[in-house]
Structures are given as structure tokens and as C-alpha cells.
Amino acid sequence: MGLGGAEETSSFMSGFIQKCGGYVVLDGGFATELERHGADLNDPLWSAKCLIDSPHLVRRVHLDYLDAGANIISTASYQATIQGFEAKGFSKEEAEALLRKSVEIACEAREIYHDRCTKDSWDFMESGRNLRRPILVAASVGSYGAYLADGSEYSGNYGDAVTLDTLKEFHRRRVQILANSGADLIAFETIPNKLEAKAYAELLEEEGIEIPAWFSFNSKDGTNVVSGDPIAECTSIADSCKQVVSVGINCTPPRFIHGLIISMRKVTSKPVLIYPNSGETYDGQTKQWVKSSGDHVDEDFVTYIGKWREAGASLFGGCCRTTPKTIRGISMALCL
């Protein structure tokens, strides 16, 4: 849905937050939920593999999060790239169709959910929120490191050979497709370094992308993004991009979120979104999540939601290893 101008773009998210009652609930971890429903994601395409062989499971996970209270659901396109699909033997046209399919499935889930609410509204009263609540579909775009599937999305280290132009050309066609797919906005997620944020910002401008976007970074120290670039500098890139309507943090241990919100609020007035992981750390070599060392246990971060809201965040959800139960807890906590 095109917005028709910078002024409308800038008010898009603030208007949506207001429609939702002053806060927005995002969805949670996708891949782990697909696995819980029986999907085998041992593949470089990761969750995007289900667009090919298990689209019904993708729809089911979207519905689980809508049932839990989500106002925004993200498509299963995080690791869906034209290059990745081509490496599996698909043509460029087939790859582009799979990207569009990720949005179509999410939009179908939204319609199914709204139909359910209309037919049997009493089943949807638990959270106390508006039955016909506003719901957006965000087209997920993972980083270049996610495509590499080597753990570099958690380090931001792409090597000297990867330049700004490399990243822009890698993402260009995927962004073009998703921007015209029927999604309400584009979610640039788990951005690991300043270079990729700059590539996204320039790409949005060069392509004249009209639908809004959010930028979400990841951190492992509470001060910088995972590459070591200061969070303030990365936030400033998002703040200066007119298509970006919200900026935040995802796939980051909950213990760092409060300080990161405060740091971001110092350099942007755009709504801040946060969707941390469960507190575990991803090992890019073994491709497994491991318990965090030391005394930090972050598995239940729902109790932090009030504190994060006071610090200035407006959109709340979960990332890796979080579940519909987590999102239901967030939804209920925000109603208090």
C-alpha cells in the first residue's frame, strides 16, 4: 500500500500505534515454531524452505501468533533470497514467485484470522483487546549474513571484499519484489553492521520504495551492534531515511534491551521496536543455540515489558526461541 508522500510515511507508524491503543505487539520466533510443528529446517534456506514444501505450516505459525495477540506478523522471507533459491536449482522467476508467496501466505492468515473473529468472537476475548484489531503484514528481509548461513549475521564481519555496492546489488531485486507484493511494510531485520544499514537506506531511496520500512539491529554488548559499530551511529542512519518509520533491536539478549532503548531514544524520535531473543547465544559453527554464560538468565522477559515501555519503546515482540506463549504474555502485560 503506497503512502503517497514523505509526510504520510512519517506518520504511518505513529498512527498505527495510536490505532492499537498506544503500543503494538509483534510476533515471535518463526523457525523454532516451524520445527515444533514438524518442519525440517536443516537447509541453507532455513525457514524459507517451508515456502517450497510446507506452506501450510507457515500459515499455521502466522495464525498461532495472531491468536496470541500480534498486531504485526512478519513473512517467512527472512532467509528467502533469489540467490539462495537459485542455488537450490530454481529459476529467477520461480525465486521471485516464492518471495511473493511469503507475503500471500501471511495475508491469507490475516484474512482467516479476521474471519474467525467475526464468526466466533467470544473465543478471542481473553486479551481484552479490540476483536477486529489492526493487523499489518511486514515483509521480512534478512541480512547478507543470513544468506551466507555461516553465522556472520551474528558478527557483522563480511570481509573487505564486501562493499556498499555489493550489498545494494545483493538486496536490490528482493526489495523491489517485496515492496510490490502487497505487504504493508518492509522489515529489515538483524542488521549486523553500519554498512548494511547504509546499503538499505540508499537502496530505498534509489528505488523510490513507497511502502514504509523498519530497521532492526542486533547487539551482543548493549552498546554496539554485533560488528562493533556504535548503536547511536546505526540508529542515525535509520533516523535520516525518510522511508524508515521505526527503528529498533532484535535477536539480542533481553538484559541489553533497556540500555539500548535509552541509547536509541537519544538520537531518534521515531518509534522504537524491540523483539529480543530468549537470552541464549547462537553458535554459528555448530548452528545451535547455547545457554548464556555467567549469571544471566533471560528466558522469561515478559516481566521487563513495563520497564522497556517506560524507557521509550512502543512495539514489542520476540525473536529466536520465543513462542506464541511469549507473545500472549506480552499482549496481556501491555493491557495491565
Please output the side-chain donor-acceptor pairs of residues 226-235 that fall under 3.5 Å, not counting sequence neighbours, one pair per line with the distance.
residue : atom : partner : partner atom : Å
Ser227  : OG   : Pro192  : O            : 3.1
Ser227  : OG   : Asp229  : N            : 3.3
Ser227  : OG   : Asp229  : OD2          : 3.0
Asp229  : OD2  : Lys194  : N            : 2.8
Glu233  : OE1  : Lys194  : NZ           : 2.7
Thr235  : OG1  : Ile231  : O            : 2.8

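Panel note: side chain Thr166, backbone Thr163; a donor-acceptor pair is recorded below 3.5 Å. In terms of modelled atom types and a separation under 3.5 Å, the side chain of Arg100 and the main chain of Ala95 share no donor-acceptor contact. Checked by atom type and distance alone, the side chain of Ser143 never pairs as donor or acceptor with a backbone atom of Glu153 at under 3.5 Å. Judged purely by atom type and a 3.5 angstrom limit, Tyr65 uses its side chain to pair as donor or acceptor with the backbone of Gly29. In this structure, Lys270 contributes its side chain and Val247 its backbone to no donor-acceptor pair below 3.5 Å. The closest donor-acceptor contact from the side chain of Asn250 to the backbone of Cys319 lies at 3.5 Å or more, if one exists at all.
Between Tyr275 and Trp214, the ring planes lie perpendicular to each other; the angle is over 60°, past the 30° to 60° tilted range. Between Tyr78 and Trp46, the two ring planes are perpendicular [angle over 60°; tilted spans 30° to 60°].
Salt bridge Glu205/Lys242: present, at least one basic N to carboxylate O contact under 4.0 Å. With respect to the salt-bridge test (charged N to carboxylate O, under 4.0 angstrom), the residues Asp115 and Arg110 do not qualify. Under a 4.0 Å N-O distance rule, the pair Lys101/Glu104 does not qualify as a salt bridge. Under the 4.0 Å criterion applied to side-chain N and carboxylate O atoms, Arg172 and Glu169 are assigned as salt-bridge partners.
We find the CG-OG distance between Leu26 and Ser331 to be 11.5 Å, quoted to the nearest 0.5 Å. For the atom pair CG of Leu99 and OG of Ser77, the computed distance is 6.5 Å after rounding to the nearest 0.5 Å. Taking CZ of Phe217 as the reference point, atom CD1 of Ile191 lies at 4.5 Å (rounded to 0.5 Å). In this structure, the separation between CD on Gln243 and CG on Leu185 is 13.0 Å, given to the nearest 0.5 Å.
In summary, the aromatic rings of Tyr147 and Phe170 are positioned with their centroids under 6.0 Å apart. Aromatic pair Phe30/His62: ring centres closer than 6.0 Å. Under the 6.0 Å cut-off for aromatic ring centres, His258 and Tyr304 do not qualify, their centroids lying 6.0 Å or more apart.
Checked options Gln79, Lys88, Lys49; the residue passing with Asp43 is Lys88 (criterion: side chain to side chain donor-acceptor pair (under 3.5 Å)).
Counting heavy atoms of neighbouring residues, nucleotides and ligands inside a 6.0 Å radius, atom NZ of Lys168 exceeds 12 of them.
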Go through it in stages, so that I can follow the logic: the residues are Arg60 and Leu34, the test is side-chain contact (heavy atoms from CB on, under 4.5 Å), and I'd like the CA-CA distance, side-chain angles, deciding distance and then a yes or no.
CA-CA 9 Å; Arg60 181 172 178 178; Leu34 287 169; over 6 Å; no
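Looking at residues two or more places apart in sequence or on another chain, you find a ring pair (Phe, Tyr, Trp, His ring centres under 6.0 Å) between Tyr158 and Tyr144.
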